[in-house]
**Q** 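Dropping the structure in here first, questions after.
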Amino acid sequence: MLQKCALCGALSNDAVCRKCEQILPRPQHLCRRCAKPLFQHHAICGDCLRFPPAFDEIKPVFSYQYPLDRLITTAKYGENFSVLKQLGKWMAEHFKHEKKPDVLIPVPSYLNDLKKRGFNQSVELAKWIRKDLDIPVNTNICHCIKQKRPQAGLSAKERHQNVKGVFEVKNISKDWQHLVIIDDVVTTGATVNEIARLFRAQTAAKISVWACARALK
Ligand SMILES: [Zn+2]
Ligand SMILES: [Zn+2]
């Protein structure tokens, strides 16, 4: 069914037309661990060398830049489920050649966000990846148990402090060798690092983060 492209308004078979899809910002030269952009061809950034994160890797599909940022805003705050589906499909396409992980675990919504929106965008993205790549999604073991202060305006260090104690991870399966955390946008990595820290306390499995987009900081 034809619909209007969410970016340019042209008629398209999908939520975003082919032309607009081609100009979406794809990241290059990233830290292999935290996916921070690097200006030289180092494999790992200085921060990850000094303070290794709890996850093994962050793999973003896009950079959180115009016009991808607009699509995320439309999906999340405009509750546009066809854009959300499109983003999930692009993620599935991007990760289809990866060795199949055992489970996808979406970042839980912060309590206020879920109340406000009524849906969790990371769960929606994970569902589309599950559909295309046939990887189970688990939304039972990781929960948000405490409201955090807003992250905006906080330094990276303050953000890491701010998410401490906000999540809870129940018993994870001993059979899982590779866990993938699904997030819509990784900003400083504080949230996914905190969740990975809780997983790491229970398992030696590989922990990856598949993100729709990564902020350029
Ligand atoms: Zn378009
Ligand atoms: Zn790094």
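Numbering starts at 1 and runs along the sequence shown.
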**Q** Can you tell me if T203 uses its side chain to pair, donor with acceptor, with the backbone of F199 under 3.5 Å?
**A**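 It does not hold such a pair.
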**Q** Within this structure, what is the NZ-NE2 distance for the pair K164 and H160, rounded to the nearest 0.5 Å?
**A**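 These two atoms lie 8.0 Å from each other.
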**Q** Verify, without hydrogens or angle tests, whether D132 (side chain) and G88 (backbone) share a donor-acceptor contact under 3.5 angstrom.
**A**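 Here the side-chain-to-backbone pair does not exist.
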**Q** Taking C-beta and beyond as the side chain, do I141 and N138 meet within less than 4.5 Å on heavy atoms?
**A**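 Yes, close enough: below the 4.5 Å cut-off.
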**Q** Which heavy atom of M91 sits nearest a heavy atom of L125, and at what distance?
**A** SD-CD1, 4.0 Å
**Q** Between H143 and N140 (side chain of the first, backbone of the second, donor and acceptor by atom type, cut-off under 3.5 Å), is there such a pair?
**A**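 At least one qualifying donor-acceptor pair exists.
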**Q** Using modelled atom types only, decide if a donor and an acceptor are shared between the side chain of S173 and the backbone of D175 within a distance under 3.5 Å.
**A**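 At least one qualifying donor-acceptor pair exists.
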**Q** Between D184 and K76, does the salt bridge (charged side-chain N to carboxylate O under 4.0 Å, His left out) criterion hold? Intermediate values first, please.
**A** CA-CA 9 Å; D184 60 339; K76 213 154 130 176; 3.0 Å; yes
**Q** Is there a path of hydrophobic side-chain contacts, each under 4.5 Å between heavy atoms, that joins V166 and L154?
**A**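 The answer is no; the residues belong to distinct hydrophobic clusters.
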**Q** For the pair R18 (side chain) and E21 (backbone), establish whether a donor and an acceptor sit closer than 3.5 Å, ignoring hydrogens and angles.
**A** no
**Q** Of the non-hydrogen atoms in A215 and P37, which two are nearest, and what is the gap between them?
**A**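 Heavy-atom minimum between the residues: O-CD, 4.5 Å.
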**Q** Find out whether I72 and V185 are in side-chain contact, i.e. whether some heavy atom of one side chain is under 4.5 Å from a heavy atom of the other.
**A**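 In contact.
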**Q** Using a 6.0 Å cut-off, check whether atom CZ of R32 has over 12 heavy atoms from anything other than its own residue.
**A** no
**Q** Could you check whether any side-chain heavy atom of L7 comes within less than 4.5 Å of a side-chain heavy atom of L24, counting everything from C-beta outward?
**A** yes
**Q** Return the minimal non-hydrogen interatomic distance between A213 and P60, and the atom names on each side.
**A** C-CB, 4.2 Å
**Q** Can a donor-acceptor pair be found, under 3.5 Å and without considering hydrogens, that links the side chain of D14 to the backbone of V16?
**A**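 Not confirmed, D14 side chain does not pair with V16 backbone.
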**Q** When rounded to the nearest 0.5 angstrom, what distance separates SG in C212 from CD in Q86?
**A** 10.5 Å
**Q** L84 versus W128: any side-chain heavy-atom pair under 4.5 Å?
**A**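 When only atoms from C-beta onward are counted, W128 and L84 do not touch, as no gap falls below 4.5 Å.
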**Q** Determine whether the aromatic ring centres of F119 and F81 lie less than 6.0 Å apart.
**A** yes
**Q** Test of understanding: clusters of I, L, V, M, F, W, Y form through side-chain heavy atoms closer than 4.5 Å, transitively. Do I135 and V137 belong to the same one?
**A** yes
**Q** Judged by atom type as modelled, is there a donor-acceptor pair below 3.5 Å linking the side chain of D56 to the main-chain atoms of I207?
**A** yes
**Q** Between S82 and Q3, what is the shortest heavy-atom contact and its length?
**A**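 Closest pair (atom of S82, atom of Q3, distance): OG-OE1, 3.6 Å.
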**Q** What residues form a salt bridge (charged side-chain N to carboxylate O under 4.0 Å, His left out) with R70, not counting sequence neighbours?
**A** none
**Q** Identify the two heavy atoms, one from T187 and one from R159, that lie closest to each other, and give their separation to 0.1 Å.
**A**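 Minimum heavy-atom contact is CG2-NH1, 3.8 Å.
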**Q** For the residue pair R33 and I58, establish whether any side-chain heavy-atom pair is separated by less than 4.5 Å.
**A**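 With C-beta onward as the side chain, the pair stays apart.
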**Q** Any side-chain heavy atom of I44 sitting closer than 4.5 Å to one from K36?
**A**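 No, their side chains stay 4.5 Å or more apart.
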**Q** Please check if L133 and L179 belong to a single hydrophobic cluster, counting links between Ile, Leu, Val, Met, Phe, Trp and Tyr side chain heavy atoms closer than 4.5 Å.
**A**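 No, because L133 and L179 fall into different hydrophobic clusters, even though each may have its own neighbours under 4.5 Å.
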**Q** Pick one: which of K59, H178, E98 meets side-chain hydrogen bond (donor to acceptor under 3.5 Å, both in side chains) with S208?
**A** H178
**Q** Less than 4.0 Å between a side-chain N and a carboxylate O, is that true for E57 and K206?
**A**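 The answer is yes: the pair qualifies as a salt bridge.
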**Q** Is any side-chain heavy atom of P67 closer than 4.5 Å to a side-chain heavy atom of I23?
**A**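 In short, these two side chains touch, coming nearer than 4.5 Å.
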**Q** Side-chain contact test, heavy atoms from C-beta onward, threshold under 4.5 Å: evaluate it for C45 versus L38 and give yes or no.
**A** yes
**Q** For atom CG of D134, is the number of surrounding heavy atoms from other residues, nucleotides or ligands below 6.0 Å larger than 12?
**A** no
**Q** Return yes if a side-chain donor-acceptor contact under 3.5 Å exists between T191 and N193, otherwise no.
**A** no
**Q** For K89, does the NZ atom have more than 12 heavy-atom neighbours from other residues, nucleotides or ligands under 6.0 Å away?
**A**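 For K89, atom NZ is crowded (more than 12 foreign heavy atoms under 6.0 Å).
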**Q** How close do C17 and S12 get, heavy atom to heavy atom, and via which atoms?
**A**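 Scanning both residues, the minimum pair turns out to be CA-OG, 3.5 Å.
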**Q** Report whether W176 and V107 are members of the same hydrophobic cluster (ILVMFWY, side-chain heavy atoms less than 4.5 Å apart, transitive linking).
**A** yes
**Q** Start with the C-alpha gap between L68 and L87, add the side-chain angles, then the distance that decides, and say whether side-chain contact (heavy atoms from CB on, under 4.5 Å) holds.
**A** CA-CA 10 Å; L68 195 274; L87 295 171; 4.1 Å; yes
**Q** Under 6.0 Å between the ring centres of F167 and Y110?
**A** yes
**Q** Any donor-acceptor pair under 3.5 Å linking the side chain of R214 with the backbone of Y64?
**A**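 No; judged by distance alone, with no hydrogens or angles, the pair does not exist.
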**Q** Rounded at 0.5 Å granularity, tell me how far CG in L11 sits from CE in M1.
**A** 11.0 Å
**Q** Between D102 and Q177, is there a side-chain donor-acceptor contact under 3.5 Å, judged purely by atom types and distance?
**A** no
**Q** Find the distance between CZ (F55) and CD1 (I181) and round it off to the nearest 0.5 Å.
**A** 8.5 Å
**Q** Working to the nearest 0.5 Å, report the span between OG1 of T139 and NZ of K127.
**A** 8.5 Å
**Q** Could you see if I182 belongs to whatever hydrophobic cluster contains F95? Use Ile, Leu, Val, Met, Phe, Trp, Tyr and a side-chain cutoff under 4.5 Å.
**A**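 Per the 4.5 Å side-chain linkage, I182 and F95 are co-clustered.
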**Q** Rounded to the nearest 0.5 Å, how far does SG of C142 lie from CD1 of I195?
**A** 4.5 Å
